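Before any comments, here is the structure.
Count residues from 1 along the sequence. Hydrogens, waters and symmetry mates are skipped; everything else that's a heavy atom, side chains included, is used. What you see is a predicted model, and the numbers here were worked out from it, not measured in a lab.
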Amino acid sequence: MTDHRPKTDAGFVLVIVLTLLVVLALLAAATATSAERAIQAAQADADRFESELAMAGTRETLLYLLATQRQTVAGLTVNDSDSAAAPIPPDDPDGFMALPVGNEIRLDGTAYQGLGNTRFSLQDDRGLLSVNWAAPVMRQAFYRALGVPADQWDGLDAKRLDYQDQDDLHRLNGAEKGHYERAGLPPPTNRTLATPLELRRILDWDKLLANMDDAQLLSMFTMTRGVDLNVNTAPLQVLELAPGLTAENAKRMVELRRTTPFVSLWQVQQTFGIGMGTGFEDGLTLFAKPSGNLILWDRHSGARQLLHWTLTPMEPNGPPWRIDYEVILPRGNESDQAVVGSPSTPLFSAPDTPGKQG
């Protein structure tokens, strides 16, 4: 017998089968892509968590070291069991306990490797320009460096003081609430500035600092009380403001102290001329203040934060330190910044590889 059924039925079934195979292949590809994206997202979350954990661990480790280890003219000691934080004792009037021991973390903004991908730097407050307390000659040098005419210096000082005092009486060339209202600016807070970033809120200071980003501002100024300048920790841009010091000598000082910190102010003055004959001789020091900046950043992501710490060992029933403020900094080129290595302490040693003996 002859089969008279259309032969197109077999072709139709074949098309259906092929279509189903294509659909299944596309679904499999989509599922694989979604799974890959999910794995990548999970890995990114895990990396982010590890980064935040390493940054937090580095932060707390450094705060612990600052509170428990003594400091020398070279910086913060890290593995001296006899170097508990304490002032120079009465039987050491010449400060021999403050001589370098060779394992210090420098307090001049030098970059170090922390935990994981975290890097950090410490900056002593005495190395920065204390806006409200620094010698007038230092503030005037700052104005001069920014090209401010000398006849405007007193006005900048007056506006800074008016912004912080508790009355509405303005000084000569100063500014109070009415001046800010006419300029369309928020009124003065009538309290002491809490962070260097508040300088941008002061009339005329906002224009003065327009070309300085937040990182530059925080790396140059401090709000802590102090008239001394630490020649062992002051960054170059602050050292260059010191009277009697040329830009060339300021660079030489920074280069020399990287190898050997200064241990004699007389030698510094005789060699570089800093402060000589200007009345600023008594405004110099070799020792750090128990407060400063800690900057942390991730080598890969570029995430950065700054916190200002103050040691409080004598505070009754209180912690050994306090955090005065924290700032999230814009991402910069710190990922390319050279580091001098990890501090020579097991607290910053790399974890052992699983399955291997240390």
Using a strict 4.0 Å threshold on nitrogen-to-oxygen distance, state whether [X] and [Y] make a salt bridge.
X      : Y      : answer
Glu176 : Arg171 : no
Asp298 : Arg304 : no
Asp204 : Lys159 : yes

Test your reading of the model: is there a side-chain donor-acceptor pair from [X] to the backbone of [Y], 3.5 Å cut-off?
X      : Y      : answer
Gln113 : Thr118 : yes
Glu198 : Ala194 : yes
Ser264 : Gln267 : yes
Asp165 : Asn190 : no
Thr312 : Gly318 : no
Asn117 : His300 : no
Trp297 : Phe120 : no
Asn293 : Gln123 : no
Gln152 : Pro149 : no
Thr110 : Arg106 : no

How far apart are the closest heavy atoms of [X] and [Y], and which atoms are they?
X      : Y      : value
Ala288 : Gln71  : CB-OE1, 3.3 Å
Ser219 : Pro235 : O-CG, 3.8 Å
Ala67  : Trp321 : CB-CE3, 3.6 Å
Pro188 : Asp162 : CB-O, 4.4 Å
Leu203 : Ala175 : CD2-CB, 3.7 Å
Ala303 : Met55  : O-CE, 3.9 Å

Once you round to the nearest 0.5 Å, how far does [atom1] of [X] lie from [atom2] of [Y]?
X      : Y      : atom1 : atom2 : result
Arg225 : Thr192 : CZ    : OG1   : 7.5 Å
Leu66  : Leu294 : CG    : CG    : 7.5 Å
Ser121 : Leu306 : OG    : CG    : 8.0 Å
Leu245 : Arg252 : CG    : CZ    : 10.0 Å
Leu256 : Asn249 : CG    : CG    : 10.0 Å
Ile295 : Leu307 : CD1   : CG    : 9.5 Å

> With a cut-off of 6.0 Å (strictly less than), are more than 12 heavy atoms of other residues, nucleotides or ligands near CZ of Arg191?
Replying inline: yes

> Is the count of non-hydrogen atoms from other residues, nucleotides or ligands lying under 6.0 Å from Asp151 atom CG greater than 12?
Replying inline: yes

> Can you list the steps and then say if Arg126 with Asn230 is a side chain to side chain donor-acceptor pair (under 3.5 Å)?
Replying inline: CA-CA 5 Å; Arg126 277 205 179 105; Asn230 187 348; over 6 Å; no

>> Does Leu329 form a side chain to side chain contact (heavy atoms under 4.5 Å, CB included) with Leu218? I'd like the steps, not just the answer.
In response: CA-CA 10 Å; Leu329 296 174; Leu218 290 164; 3.7 Å; yes

I'd like to check [X] versus [Y] (side-chain heavy atoms, cut-off strictly below 4.5 Å). Are they in contact?
X      : Y      : value
Asp206 : Arg201 : no
Tyr325 : Val327 : yes
Arg322 : Asp324 : yes
Leu62  : Thr58  : yes
Met253 : Val268 : yes
Leu199 : Leu193 : yes
Glu326 : His308 : no
Ile202 : Tyr180 : yes

>> What verdict does the side chain to side chain contact (heavy atoms under 4.5 Å, CB included) test give for Val231 and Ile274, after you've listed the backbone C-alpha separation in whole Å, the side-chain angles of each residue and the deciding distance to 0.1 Å?
In response: CA-CA 10 Å; Val231 296; Ile274 182 172; 4.1 Å; yes

Between [X] and [Y], a side-chain donor and acceptor under 3.5 Å:
X      : Y      : value
Asp108 : Thr233 : no
Asp154 : Asn173 : no
Asn103 : Thr77  : no

> If Ile, Leu, Val, Met, Phe, Trp and Tyr residues are connected whenever their side-chain heavy atoms lie under 4.5 Å apart, and connections chain through other members, are Val227 and Leu161 in the same group?
Replying inline: no

> Would Val238 end up clustered with Leu146 when hydrophobic side chains under 4.5 Å apart are linked, directly or stepwise?
Replying inline: yes

> What class does the angle between the rings of Tyr143 and Trp205 fall in, given that below 30° is parallel, 30 to 60° is tilted and above 60° is perpendicular?
Replying inline: perpendicular

> Given Leu63 and Trp309, is the side chain to side chain contact (heavy atoms under 4.5 Å, CB included) satisfied, shown in steps?
Replying inline: CA-CA 8 Å; Leu63 290 172; Trp309 50 271; 3.9 Å; yes

> Run the side chain to side chain contact (heavy atoms under 4.5 Å, CB included) check on Leu296 and Arg119 step by step: do they pass?
Replying inline: CA-CA 6 Å; Leu296 301 156; Arg119 292 179 173 178; over 6 Å; no

Let me check something: any side-chain donor-acceptor pairs from residues 128-142 under 3.5 Å, sequence neighbours excluded? List them with distances.
residue, atom, partner, partner atom, Å
Ser130, OG, Thr224, O, 2.6
Asn132, OD1, Arg160, NH1, 2.9
Asn132, OD1, Gln164, NE2, 2.9
Asn132, ND2, Gln164, OE1, 2.9
Arg139, NE, Asp157, OD1, 3.3
Arg139, NH1, Val131, O, 3.3
Arg139, NH1, Ala134, O, 2.9

